[in-house]
Amino acid sequence: MALGDILDRQRGHLFPWSPVFYGIGIAGYFALRFEPTRSHWTLIALAIAGGLMAGWRAGDRLRPVLTALVLVLAGGCVAGARAHLVAETKLAYRYYGPVEGRIIAIDRSVSDAVRLTLDRVVLKNVPPARTPARVRVSLHGEQGFFTPEPGLTIILTGHLSPPGGAVEPGGFDFRRHAWFQRLGAVGYTRTPVLAYLPAGESAPGLAVYRVRMRISEAVRRALPGRAGAFAAAITTGDRSAIDQPTLAALRASNLAHLLAISGLHMGLLTGFIFGALRLVLAALPYVALYWPTKKIAAVCALIAGAVYLALSGGNVATERAFIMVSVMFGAVLADRRAITLRAVAVAALLVLTLRPEALYGPGFQMSFSATTALVAVYGAFNARKVPSSPKPYLLRMLGGVALSSLVAGLATAPIAAAHFNQVPHYGLIANMVSVPLMGAVIIPLAVLAAMLAPLGLAWVALSLMDWPILWILGVAETVSGWPGSVSPVIAPGASVLPLMTLGAAWLVLWQGRARAGGVPVMVLALVLWSQADRPALLVSQSGGLLGVMTDAGRALSKPKGDGFAAGIWLENDGDPVAQADAATRSVFEEQGRLRSIRLSGHPVLHATGKAAAQDAVARCRTADLVVVNVRVETPEGCLVYDAKRLTEEGALAIEPVADGLSVVSARDRTGIRPWTQ
């Protein structure tokens, strides 16, 4: 069958493919190993213009192909433009000394320490042209000498360094993540942080953030403890009061999505306001007869959603959710069908245009996969006119929650497993006994609290939120504590998620029996995942840590130090044990701070400290590879990775081959890009 005939059969169903091709273009830009020059961008712009003109003149059969090509090129252009628009100065070296800056964000680090993002940064003896626009500092040691507040200027003595690269080749690239957050340095302090200048007049965005933090603090005062921290997270997006054990329990029980202000929260909030207003307006005879009550309720719900978006911090999931409800209520205003795959596609295109880097984030991937799957499944039910169950309302509601949780869980499970290296097994049970409370109790009470706040009575509604929130937290702790509640999984290869996504998109978006062709593609992705191999030897960017794969799991060269890299390596191995435990598997022959191993018969030397490093370099001709964590002079004929070379090339993945060792660096995978220089 000709391509034109195939496309004719898809007519009217091609628009939802738009974000797929747009995303391919964005992914193509990030996959490049070099940064396109002006000549490249000029050629791409001409190709887009030519494609648009040809599409305008082409027939109906050729136009979809040209449109797809234009979308791919446009996605790459948008990603490139965004990368250069957010460009800021990065710190070029390690810094220790005084730091002054204004607080613009407050959160918590993985170690549960309070973490502050600062702008208007001043560093001692560092000229403004070389000073990062933003830095992020974790607060350790004895603190409590000031209360973090957006807009407050603080002073401290801290350690700063440029954002680090991936802890292994092909892994998560924190430098790219920091680049798009305009972070030029990260670090920590163990000395007291002091307030320097009070929070004064500030930019509108920061003013909104200060309002968020004040609301969050008021919520926690009215509802102390873990319940208040949870309530603050779902109302303002402020998770700074939630401790790591609680987050771990929510993730292990597949309830962490309740904290992310996304489709569930935005849908419940705007749906509650829309339904409540329609009921109120319907109770007024004149208004019900002569006013467009449905459209009035839609406008009011949309305004409430916009306020919620501003107060929640506007992360990717919230933006996506707001765009979705905007499209939905826009359809209501236009007397069109509200919830369709077209609406999902529009939301995806808008989010990717605003933040093309979000394509690689688990928030974007999980959010849109769940939404697409839910819309497709319920759309199929509606298309086949599946009759509603005559069972009691409570049973039907539980059935709907179970089906939604199952569909969303299946859609997001591969993505969550790929990013977080674990699969929760009892998430369906946890969601069935928790999600109804969110929709029927917690969200309505949050709306009521907002309505009572001007009267000083928000505490009435907030106090009623205590028991349902504690119920959800109790469910999370109980389910996460069940034997076998979570299974660790190995990190997939680079091709697995793209294949899985394309297969799922084909299954959902293609019309006709050929849509079943998406299933073999997803099966192929799972087969590739099951065959994934981990590197035989990993070297951290600092040169201070090695990890050798053994039959018992990865053996680490030391029980502490380089803990972040060690943790990620073990998680990606599907073996999330403590670093100290992995160090007991040691296969190294140690002579003080000099270690040696044989990798399939190929000798490798590793040394930490100047004296041991000099000893290792002196023996370099007896080894196929030498790794040291200080700078050394490399003799001819030796393969030596010292601190300078590792700083330039990043972490290493090493495999034995017939004629020696194959060494792949993080820079080999990322290339020379703005965020790697």
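In what follows, every heavy atom counts, from backbone to side chain, and hydrogens, waters and symmetry copies are set aside. Numbers here are sequence positions counted from 1.
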When you measure from the side chain of Trp179 to the backbone N and O of Lys90, does any donor-acceptor pair fall under 3.5 Å?
-> no
Minimum heavy-atom distance between Arg585 and Leu570, given as atom pair plus value | NH1-CD2, 4.4 Å
Between CZ of Phe21 and OG1 of Thr67, what distance do you get to the nearest 0.5 Å?
-> 10.0 Å
Look at atom CZ of Arg631 and say whether more than 12 heavy atoms of other residues, nucleotides or ligands are closer to it than 6.0 Å.
-> no
Any donor-acceptor pair under 3.5 Å linking the side chain of Thr670 with the backbone of Ala666?
-> yes
Classify the side-chain pair Asp668/Ser665 by whether it contains a donor and acceptor separated by less than 3.5 Å.
-> yes
Measure across Val657 and Ser662 and return the closest heavy-atom pair with its distance rounded to 0.1 Å.
-> CG1-CB, 3.9 Å
Go through the structure and list residues passing salt bridge (charged side-chain N to carboxylate O under 4.0 Å, His left out) with Arg134, not counting sequence neighbours.
-> none
Locate the shortest heavy-atom distance separating His84 from Gly80; write the atom from each residue and the value.
-> CD2-O, 3.0 Å
Side chain to side chain, Val78 and Ile26, heavy atoms closer than 4.5 Å | no
Would you find a donor on one side and an acceptor on the other, under 3.5 Å apart, between the side chain of Gln591 and the backbone of Ala612?
-> no
Residues two or more places apart in sequence or in another chain: which of them pass ring pair (Phe, Tyr, Trp, His ring centres under 6.0 Å) with His425?
-> none
Are any side-chain N or O atoms of Gln365 and backbone N or O atoms of Leu359, one a donor and one an acceptor, separated by less than 3.5 Å?
-> yes
Measure across Ala525 and Leu499 and return the closest heavy-atom pair with its distance rounded to 0.1 Å.
-> CB-CB, 3.9 Å
Of all the heavy-atom pairs spanning Leu556 and Ala566, show the shortest one and how long it is.
-> CD1-CB, 3.7 Å
Anything under 30° is parallel, anything over 60° is perpendicular, the rest tilted; go ahead and classify Tyr426 against Trp482.
-> perpendicular
Cation over ring face, Arg355 and Phe364, 6.0 Å, 45° | no
Are the side chains of Ser542 and Asn629 in touch, meaning some heavy atoms are under 4.5 Å apart?
-> no
Do Arg595 and Leu546 come close enough that some side-chain heavy atom pair is under 4.5 Å?
-> no
Quickly, which of Val632, Val628, Leu625, Val626 forms a side chain to side chain contact (heavy atoms under 4.5 Å, CB included) with Cys620? Name it, please.
-> Val626
Please report the closest heavy-atom contact between Gln579 and Gly561, naming both atoms and the distance.
-> NE2-O, 2.9 Å
Is any side-chain heavy atom of Pro635 closer than 4.5 Å to a side-chain heavy atom of Val617?
-> yes
Would you confirm whether Gln511, through its side chain, and Leu509, through its main-chain N or O, come within 3.5 Å as a donor-acceptor pair?
-> yes
Donor-acceptor contact present, side-chain Arg515 to main-chain Val508, <3.5 Å | yes
So how far is it from Trp529 CH2 to Leu524 CG, rounded to the nearest 0.5 Å?
-> 13.5 Å
Can you find a heavy atom in the side chain of Arg554 that is under 4.5 Å from one in the side chain of Leu538?
-> yes
Got Val640 and Glu633 here, is their nearest side-chain heavy-atom distance under 4.5 Å?
-> no
Please round to the nearest 0.5 Å and tell me the distance separating atom NZ of Lys610 and atom CD of Gln614.
-> 9.5 Å
Step-by-step side chain to side chain contact (heavy atoms under 4.5 Å, CB included) determination, Leu639 to Val663 | CA-CA 10 Å; Leu639 180 58; Val663 181; 4.3 Å; yes
So do Leu545 and Ser557 actually touch side chain to side chain, heavy atoms under 4.5 Å?
-> yes
Evaluate the side chain to side chain contact (heavy atoms under 4.5 Å, CB included) criterion for residues Leu123 and Leu160: first the C-alpha distance (whole Å), next the side-chain angles of each, then the deciding distance (0.1 Å), finally the verdict.
-> CA-CA 10 Å; Leu123 304 178; Leu160 297 177; 3.8 Å; yes
Measure from the side-chain N and O atoms of Arg115 to the backbone N and O of Asp107, and report whether any donor-acceptor pair falls under 3.5 Å.
-> no
Do the side chain of Thr584 and the main chain of Asp581 share a donor and acceptor less than 3.5 angstrom apart?
-> yes
Within a radius of less than 6.0 Å around CZ of Phe564, do more than 12 heavy atoms belonging to other residues, nucleotides or ligands occur?
-> no
Separation between CD (Glu589) and CD1 (Ile597), nearest 0.5 Å, reads 10.0 Å
Look at the aromatic rings of Trp675 and Phe180 and report parallel, tilted or perpendicular, splitting at 30° and 60°.
-> tilted
Determine, stepwise, if the pair Val519 / Leu507 fulfils side chain to side chain contact (heavy atoms under 4.5 Å, CB included).
-> CA-CA 7 Å; Val519 175; Leu507 180 64; 4.1 Å; yes
Please confirm whether the backbone N or O of Ala370 pairs with a side-chain atom of Thr412, one donor and one acceptor, at under 3.5 Å?
-> no
What distance do Met366 atom CE and Ile415 atom CD1 have between them, rounded to the nearest 0.5 Å?
-> 7.0 Å
Where at least one partner belongs to residues 68-86, residue pairs that pass salt bridge (charged side-chain N to carboxylate O under 4.0 Å, His left out), sequence neighbours excluded = Arg82-Glu357
Heavy-atom count around Arg33 CZ within 6.0 Å, excluding the residue itself: above 12?
-> yes
Taken in chain and number order and not counting sequence neighbours, the residues that satisfy side-chain contact (heavy atoms from CB on, under 4.5 Å) with Pro19 are Ala345, Ala348, Leu349
Partner residues of Tyr95 under the ring pair (Phe, Tyr, Trp, His ring centres under 6.0 Å) criterion, sequence neighbours left out | none
Short question: side chain of Glu655, backbone of Ala536 - any donor-acceptor pair under 3.5 Å?
-> yes
Does the side chain of Tyr93 come within less than 4.5 Å of Val126's, by heavy atoms?
-> yes
Taking only residues two or more places apart in sequence or in another chain, which ones pass ring pair (Phe, Tyr, Trp, His ring centres under 6.0 Å) with Phe588?
-> none
Regarding Arg673 and the six-membered ring of Tyr29, is the cationic atom NZ or CZ under 6.0 Å from the ring centre and inside 45° of its axis?
-> yes
Gap between atom CG of Leu183 and atom NE2 of His177 - 0.5 Å precision = 7.5 Å
What do the steps show when you test Tyr360 against Asp173 for side chain to side chain contact (heavy atoms under 4.5 Å, CB included), and what is the final call?
-> CA-CA 10 Å; Tyr360 285 87; Asp173 191 349; over 6 Å; no
